[in-house]
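To start, the structure itself, in structure tokens.
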Amino acid sequence: MDRVVISLGGSIIIPGDRDGEFLKRFASLLRELSKERELFVVCGGGKTARTYINIGRELDGTERQLDEMGIMATRLNARLLQLALGDLAEQSVPCTVEEAASQAGRGKIVVMGGTTPGHTTDGVSASLAESVGATRIVNATSVDAVYSADPRKDSSAERYERLSFQQLKDLLGNEHGAGASGVFDPMGASIVMRCRIPVMVVAGRDLEEMSKAIQGLPIKGTVIDG
Ligand code: UTP
């Protein structure tokens, strides 16, 4: 059975706009799509993570300490999604990729958050995709595609329909900082490039787009491959 990893940005899970309703609709989409493929969801920390990281930075926390708080927020979001999925999902949040991979093949959706400091949940999703032999990663974000700059801040930002793995790496650089928000993280980009796992970047709150991406159908967002 096809395996698909979804990297679900925290900004999609709890933007503060009818979140419970969205999670219910998302859960029923996953129920439908999980009949024909095995699904893994890695949840981001969103504004909960950013709030704690920003205050922690004011209090002179180290990057490692800030990352650790970010990880806690991602696991809290993972728990929320598990609640929405009910008996469709395993009801414990794996702390490592190995633990998540060991939950595979039991007919349940596996939901996790972050693992260790030094990367984001996009990195975790790439590592999990490698570990379970996923055919693709769906990166569900708050923007609808990859752009040359943040389209919310720069109206001249170029929108990409397709990127090679190398172009993705060039776009990202190598630095990780707690709470930093690029379209994917550098560790994840290295893994998908080495393992040649396609990444589909879509607007996470657009469930039609999400559905297409999970099924591997053409999307409006960006396809990263080749
Ligand atoms: P996210 O994966 O949510 O990062 O983790 P993000 O890219 O900032 O946010 P989204 O994609 O918009 O939701 C939140 C923070 O938690 C720490 C990092 O500091 C990250 O920025 N983190 C997360 C880790 O250190 N390790 C992990 O495995 C996951």
Side-chain angles (χ1 to χ4, degrees), residues 5-17 19 22-23 26 40-81 93-101 110-131 137-147 150-153 168 171-192 199-205 210 213 221-222 224:
V5 174
I6 303 163
S7 182
L8 188 64
S11 53
I12 304 305
I13 306 170
I14 43 151
D17 177 22
D19 302 339
F22 169 78
L23 285 169
F26 183 58
F40 300 79
V41 188
V42 183
C43 298
K47 67 177 177 217
T48 312
R50 218 145 303 147
T51 301
Y52 279 81
I53 288 169
N54 289 342
I55 301 172
R57 192 169 270 131
E58 272 183 58
L59 299 173
D60 296 326
T62 63
E63 286 303 301
R64 187 185 173 85
Q65 288 168 326
L66 302 180
D67 277 347
E68 278 163 359
M69 283 198 294
I71 293 168
M72 288 181 188
T74 65
R75 291 180 178 159
L76 191 60
N77 282 342
R79 190 65 202 111
L80 199 59
L81 181 62
V93 179
C95 292
T96 64
V97 164
E98 294 71 32
E99 211 185 308
V110 178
V111 183
M112 71 182 300
T115 55
T116 51
H119 50 256
T120 70
T121 47
D122 290 338
V124 176
S125 66
S127 178
L128 181 61
E130 176 181 20
S131 178
I137 295 171
V138 174
N139 189 21
T141 71
S142 53
V143 285
D144 59 351
V146 183
Y147 290 79
D150 186 340
R152 289 163 298 195
K153 292 178 191 152
L168 173 71
L171 213 63
L172 294 174
N174 286 314
E175 286 297 305
H176 166 78
S181 196
V183 69
F184 211 66
D185 84 3
M187 181 190 94
S190 301
I191 295 172
V192 295
V199 180
M200 308 177 85
V201 181
V202 292
R205 282 244 159 173
M210 281 273 255
T222 306
I224 303 161

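Note that these values count all heavy atoms, side chains included, but never hydrogens, waters or copies made by symmetry. Being a predicted model, the structure only gives us computed values, none of them experimental. Counting starts at 1 for both ligands and their atoms, in listed order.
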*Any atoms of ligand 1 less than 4.0 Å from a non-hydrogen atom of Gly118? List them with their elements.*
25 (O)

*Under 3.5 Å between some N or O of ligand 1 and some N or O of Thr116?*
yes

_Could you tell me, atom by atom, which parts of ligand 1 come under 4.0 Å of a heavy atom of Ile71?_
16 (O), 22 (N), 23 (C), 24 (C), 25 (O), 26 (N), 27 (C), 29 (C)

*Check Ile13, Ile14, Asp17, Ile12 against Phe22 for a side-chain contact (heavy atoms from CB on, under 4.5 Å) and give me the one that passes.*
Ile12

*asked:* Please report the interatomic distance NZ(Lys153) to OH(Tyr147), rounded to the nearest 0.5 Å.
replied: 14.5 Å

*Would you indicate whether the side-chain heavy atoms of Leu59 and Ile55 approach each other to under 4.5 Å?*
yes

*Which ligand 1 atoms does Gly114 reach within 4.0 Å, using its non-hydrogen atoms?*
27 (C), 28 (O), 29 (C)

*asked:* Out of Met72, Lys47, His119, Met112, who is nearest to atom 23 (C) of ligand 1 when you count heavy atoms only?
replied: His119

*asked:* Can a donor-acceptor pair be found, under 3.5 Å and without considering hydrogens, that links the side chain of Asn139 to the backbone of Val183?
replied: yes

*Got an N/O contact under 3.5 Å between Thr74 and ligand 1?*
no

*Does at least one non-hydrogen atom of Glu63 fall below 4.0 angstrom from an atom of ligand 1?*
no

*asked:* Using a 4.0 Å cut-off to any heavy atom of Thr115, which atoms of ligand 1 qualify?
replied: 27 (C), 28 (O)

*Candidate with minimal heavy-atom separation from atom 17 (C) of ligand 1, of Asp67, Leu66, Val42*: Asp67

_Nearest 0.5 angstrom please: Ile6 CD1 to Leu128 CG, how far?_
11.0 Å

*Say whether, by atom type as modelled, one donor and one acceptor occur between the side chain of Thr74 and the main chain of Gly114 under 3.5 angstrom.*
yes

*Candidate list Thr141, Ile137, Asp144, test side-chain contact (heavy atoms from CB on, under 4.5 Å), partner Val201, passing option*: Thr141

*Is there a donor-acceptor contact under 3.5 Å from the side chain of Asn77 to the main chain of Gly44?*
yes

*Mark up the atoms of ligand 1 that fall under 4.0 Å of a heavy atom belonging to Gly46, in ascending order.*
3 (O), 13 (O)

*Gly45 to ligand 1: N or O pair under 3.5 Å?*
yes

_Value rounded to 0.5 Å, distance of NE2 in His119 from OG in Ser125_ = 10.0 Å

*asked:* Only heavy atoms of Pro117, strictly under 4.0 Å: list the atoms of ligand 1 that pass.
replied: 25 (O)

*Would you check the N or O atoms of Gly10, main chain and side chain alike, for any that come under 3.5 Å of an N or O of ligand 1?*
yes

*Counting heavy atoms only, which part of Val124 comes closer than 4.0 Å to ligand 1: side chain, backbone, both or neither?*
side chain

*Any atoms of ligand 1 less than 4.0 Å from a non-hydrogen atom of Gly44? List them with their elements.*
3 (O), 13 (O)

*Give a yes or no on whether the backbone of Lys47 and the side-chain of Thr51 come within a donor-acceptor separation of less than 3.5 Å.*
yes

